[in-house]
S.K.: 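Mind having a look at this structure? Questions to follow.
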Amino acid sequence: MKLRYILPILLFFGLICCVSAETFMPEEGIFAFREVEVFEINGINFTVPTDYEVTSQNSTEMQFAHGKDKLKISVTENGKIKKVKKDLSKNITAEKTMFGSVKGYFVDKNGTFTFSYKEDGKLVVIKSKDTSLMMGVIGKD
């Protein structure tokens with residue numbers, strides 16, 4: 001009889017523990033002394049400040065917002081990086097660059113930045129208007 005009550009309670013607390021993510025405050029790096037949370041998207045971890053709320057998510061993509069700032073991260077299997085040629089008439093610049101130790105393809109389209117790179121055979125695309133946020137999200141030295 002008691003087992004009938006104890007088992008659902010244990011399952012409930014077990015689910016709460018699995019769903020909640022752990023927040024922490026780094027002491028160095030881009031997000032130094034700012035509370036952050038680690039999110040896993042399609043097997044790859046990203047560090048996002050806790051003041052950014054999840055606005056949309058599925059198994060391969062998450063979107064975050066903080067006021068007018070938006071952040072979009074997608075991780076797809078076997079994707080290809082689309083290279084954009086410099087076209088001054090459209091104000092698009094693109095160049096390979098390093099964010100920390102991550103080498104990828106950087107696109108600036110009228111102040112909206114996209115950084116694409118490969119990790120573990122997957123294509124990672126991060127889009128935001130804040131390059132320091134993008135660098136911190138990747139979280140690699």
Side-chain angles (χ1 to χ4, degrees), residues 2-141:
K2 290 181 183 181
L3 184 63
R4 184 171 58 176
Y5 296 111
I6 293 173
L7 190 58
I9 291 171
L10 288 175
L11 285 173
F12 176 73
F13 284 115
L15 285 174
I16 289 174
C17 291
C18 290
V19 171
S20 64
E22 185 177 331
T23 60
F24 62 97
M25 191 173 300
E27 294 182 5
E28 52 187 48
I30 292 172
F31 296 144
F33 303 104
R34 188 172 178 186
E35 196 170 280
V36 296
E37 191 170 353
V38 175
F39 291 93
E40 181 182 0
I41 305 170
N42 201 9
I44 299 177
N45 291 334
F46 299 92
T47 306
V48 180
T50 55
D51 50 357
Y52 279 78
E53 294 180 10
V54 177
T55 58
S56 170
Q57 77 179 55
N58 61 42
S59 62
T60 61
E61 181 177 286
M62 288 185 87
Q63 294 183 25
F64 303 86
H66 174 67
K68 292 183 179 183
D69 291 338
K70 294 181 181 177
L71 172 68
K72 180 179 178 181
I73 305 170
S74 66
V75 180
T76 56
E77 303 284 337
N78 302 321
K80 292 185 179 179
I81 296 175
K82 295 180 181 176
K83 297 180 179 173
V84 180
K85 295 179 181 177
K86 285 190 175 186
D87 185 348
L88 298 177
S89 65
K90 294 183 180 177
N91 196 21
I92 298 173
T93 59
E95 57 190 45
K96 281 194 174 185
T97 189
M98 299 274 300
F99 276 8
S101 63
V102 179
K103 187 175 186 180
Y105 202 74
F106 183 77
V107 176
D108 173 3
K109 185 173 182 179
N110 297 324
T112 300
F113 306 103
T114 304
F115 185 64
S116 306
Y117 65 97
K118 289 278 202 160
E119 184 172 332
D120 298 333
K122 300 174 184 175
L123 174 64
V124 178
V125 179
I126 302 172
K127 187 174 184 179
S128 177
K129 290 188 177 198
D130 183 352
T131 55
S132 63
L133 174 66
M134 294 169 70
M135 290 173 61
V137 165
I138 295 169
K140 300 201 186 327
D141 296 336

S.K.: Under 3.5 Å, side chain of Ser128 to main-chain N/O of Met134, donor-acceptor pair present?
M.R.: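 Between the backbone of Met134 and the side chain of Ser128 there is no qualifying donor-acceptor contact (under 3.5 Å).
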
S.K.: Output all residues satisfying side chain to side chain contact (heavy atoms under 4.5 Å, CB included) with Lys127, sequence neighbours left out; order by chain, then residue number.
M.R.: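 Listed in chain order: Lys72, Thr112, Thr114.
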
S.K.: Indicate the atoms forming the closest heavy-atom contact of Ser116 with Val125, along with that distance.
M.R.: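 Scanning both residues completely, I find the closest heavy atoms to be OG-CG2, 3.8 Å.
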
S.K.: Roughly how far, to the nearest 0.5 Å, is CG of Leu133 from CD1 of Ile138?
M.R.: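 If we round to the nearest 0.5 Å, Ile138:CD1 and Leu133:CG are 10.0 Å apart.
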
S.K.: So, taking the atom named CE in Met62 and the one named CG in Asn42, what distance separates them when rounded to the nearest 0.5 Å?
M.R.: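 Between Met62 CE and Asn42 CG, I get 12.5 Å after rounding to 0.5 Å.
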
S.K.: About how many Å separate CG of Leu71 and CD of Glu53, when rounded to the nearest 0.5 Å?
M.R.: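 So the CD of Glu53 and the CG of Leu71 are separated by 13.5 Å.
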
S.K.: Quick one: CD1 on Ile126 to OH on Tyr117, what's the gap to the nearest 0.5 Å?
M.R.: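 Rounded to the nearest 0.5 Å, the CD1-OH separation comes to 4.5 Å.
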
S.K.: Could you pull out all residues at least two apart from Glu40 that satisfy salt bridge (Lys or Arg N to Asp or Glu O under 4.0 Å)?
M.R.: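 Once residues adjacent in sequence are excluded, Glu40 has no partner under the salt bridge (Lys or Arg N to Asp or Glu O under 4.0 Å) criterion.
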
S.K.: What is the distance from atom CZ of Phe46 to atom CZ of Phe64, rounded to the nearest 0.5 Å?
M.R.: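 The CZ atom of Phe46 sits 9.0 Å away from the CZ atom of Phe64.
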
S.K.: Atom NZ of Lys129 and atom CG of Asn110: how far apart are they, to the nearest 0.5 Å?
M.R.: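 Going from NZ on Lys129 over to CG on Asn110, the span is 9.0 Å.
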
S.K.: Starting from the C-alpha separation in whole Å, work towards a yes-or-no answer on side-chain contact (heavy atoms from CB on, under 4.5 Å) for Ile73 and Val137.
M.R.: CA-CA 9 Å; Ile73 305 170; Val137 165; 3.4 Å; yes

S.K.: Parallel, tilted or perpendicular for Phe106 and Phe115, by the 30°/60° rule?
M.R.: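 Judged by the thresholds at 30° and 60°, the geometry between Phe106 and Phe115 is tilted.
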
S.K.: Identify the two heavy atoms, one from Asp51 and one from His66, that lie closest to each other, and give their separation to 0.1 Å.
M.R.: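 Heavy atoms of Asp51 and His66 come nearest at O-ND1, 2.9 Å.
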
S.K.: Quick one: list whatever passes side chain to side chain contact (heavy atoms under 4.5 Å, CB included) with Asn58, sequence neighbours left out.
M.R.: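 Residues passing side chain to side chain contact (heavy atoms under 4.5 Å, CB included) with Asn58: Thr60, Glu61.
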
